[in-house]
Amino acid sequence: MLQDYNAKSGILIAVWTLEIQTLPEDVDRILDAVMKVHPLGYGRYQRNASVSAVGAETTTPQANSTTSTHQADYVPGTAMTYPMVELKISIERDLQALEQVMDTILDTHHYEEPVIFVREDWASRAAYDPKSKNPNRWWNNGRGLPDTLESQT
């Protein structure tokens, strides 16, 4: 049904959305690695991702976990909390592309069992017009592009 969506403003395409929980300082490293196997395109732009504000993740490692194996002073069953961001990317619904991206993330991530959610979604693609006179577009609104942020790293 959504594959038939065709508004004057654009279309919807089938994508997989990947939400990856990671350390804030690892975002660019993961994105750089993924870019070697996938352009992370969104319309005419590449390396598209969103990164949440820093939050927290909590876990309780059990006996024989990597934490209990490599942290001599860790007591299994003790809750731990770390800083975390959610890195969100989307790719076309192509199984081979998903396998390559997932393998890259799993190989690049700092955890042996990273938290990654994969969802079937629909993403908008605008009826592209770089010369649009729409007063809300950044090139027409008098404000221009927003200031850029420093890299996560």
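It should be emphasised that the depicted structure is a prediction, and the values quoted were computed from it without experimental measurement.
- Residues Ala63 and Pro76 approach most closely at N-CB, 3.5 Å, considering heavy atoms.
- Applying the side-chain hydrogen bond (donor to acceptor under 3.5 Å, both in side chains) definition to pairs two or more places apart or across chains, those involving residues 100-121 are Thr17-Asp121, Glu19-Arg119, Asp26-His110, Glu57-Tyr111, Thr66-Glu112, Arg119-Asp121.
- Other cluster members for Leu12: Leu2, Tyr5, Trp122, joined by side-chain heavy-atom distances under 4.5 Å among Ile, Leu, Val, Met, Phe, Trp and Tyr.
- The cationic group of Arg125 lies under 6.0 Å from the six-membered ring centre of Tyr42 and within 45° of the ring axis, placing it in a cation-pi geometry.
- Once rounded to the nearest 0.5 Å, the distance linking CE of Met84 with OG1 of Thr58 reads 10.5 Å.
- A pairwise comparison of heavy atoms in Val54 and Pro24 identifies CG2-CG, 3.8 Å as the closest pair.
- To the nearest 0.5 Å, the span separating CG on Leu87 from OG on Ser50 amounts to 7.5 Å.
- Glu92 and His38 share a side-chain donor-acceptor pair at under 3.5 Å.
- Hydrophobic clustering of Ile, Leu, Val, Met, Phe, Trp and Tyr side chains at less than 4.5 Å, counting indirect connections, unites Met35 with Leu98.
- Among residue pairs with one or both ends in residues 68-87, none qualify as salt bridge (charged side-chain N to carboxylate O under 4.0 Å, His left out); sequence neighbours excluded.
- Between Leu40 and Leu31 the shortest side-chain heavy-atom distance falls below 4.5 Å.
- To the nearest 0.5 Å, the span separating CD1 on Ile91 from CH2 on Trp16 amounts to 6.5 Å.
- Hydrophobic clustering (ILVMFWY, side-chain heavy atoms < 4.5 Å, transitive): Met102 and Val37 are in one cluster.
- Within the 3.5 Å criterion, the main-chain N or O of Ile11 finds no donor-acceptor partner in the side chain of Asn6.
- Under a hydrophobic-cluster definition in which Ile, Leu, Val, Met, Phe, Trp and Tyr are linked whenever side-chain heavy atoms come within less than 4.5 Å, directly or via other members, Val118 and Ile20 are assigned to the same cluster.
- Cluster annotation: Ile116 is connected to Val27 through the hydrophobic network of ILVMFWY side chains, with a link wherever side-chain heavy atoms come within less than 4.5 Å.
- For the pair Met80 and Pro61, the minimum side-chain heavy-atom distance is below 4.5 Å.
- No single ILVMFWY cluster, assembled from side-chain heavy atoms under 4.5 Å apart, contains both Ile89 and Tyr45.
- Sparse packing is recorded around CG of Asn64, with 12 or fewer heavy atoms of other residues, nucleotides or ligands lying under 6.0 Å away.
- Residue Ala56 comes nearest to Thr81 through the heavy atom pair CB-CG2, 3.7 Å, listed as atom of the first residue, atom of the second, then distance.
- Atom CD of Gln96 has 12 or fewer neighbouring heavy atoms from other residues, nucleotides or ligands inside a 6.0 Å radius.
- Looking only at distances, no side-chain donor or acceptor of Gln71 sits under 3.5 Å from a matching main-chain atom of Thr69.
- Inter-residue side-chain proximity for Pro135 and Asn141 is flagged as unmet; no heavy-atom pair is nearer than 4.5 Å.
- Here the CZ-CG distance, from Phe117 to Leu18, works out to 11.5 Å after rounding to the nearest 0.5 Å.
- Between Arg137 and Asp129 there is no salt bridge, since no side-chain N of the basic residue sits under 4.0 Å from a carboxylate O of the acidic one.
- A 4.5 Å side-chain heavy-atom check between Pro130 and Trp139 finds every atom pair outside the cut-off.
- Side-chain contact check for Lys88 versus Val51: every heavy-atom pair is 4.5 Å or farther apart.
- Distance check: Asn48 CG to Ser90 OG gives 7.5 Å after rounding to the nearest 0.5 Å.
- One N or O on the side chain of Arg93 and one on the backbone of Val15 form a donor-acceptor pair closer than 3.5 Å.
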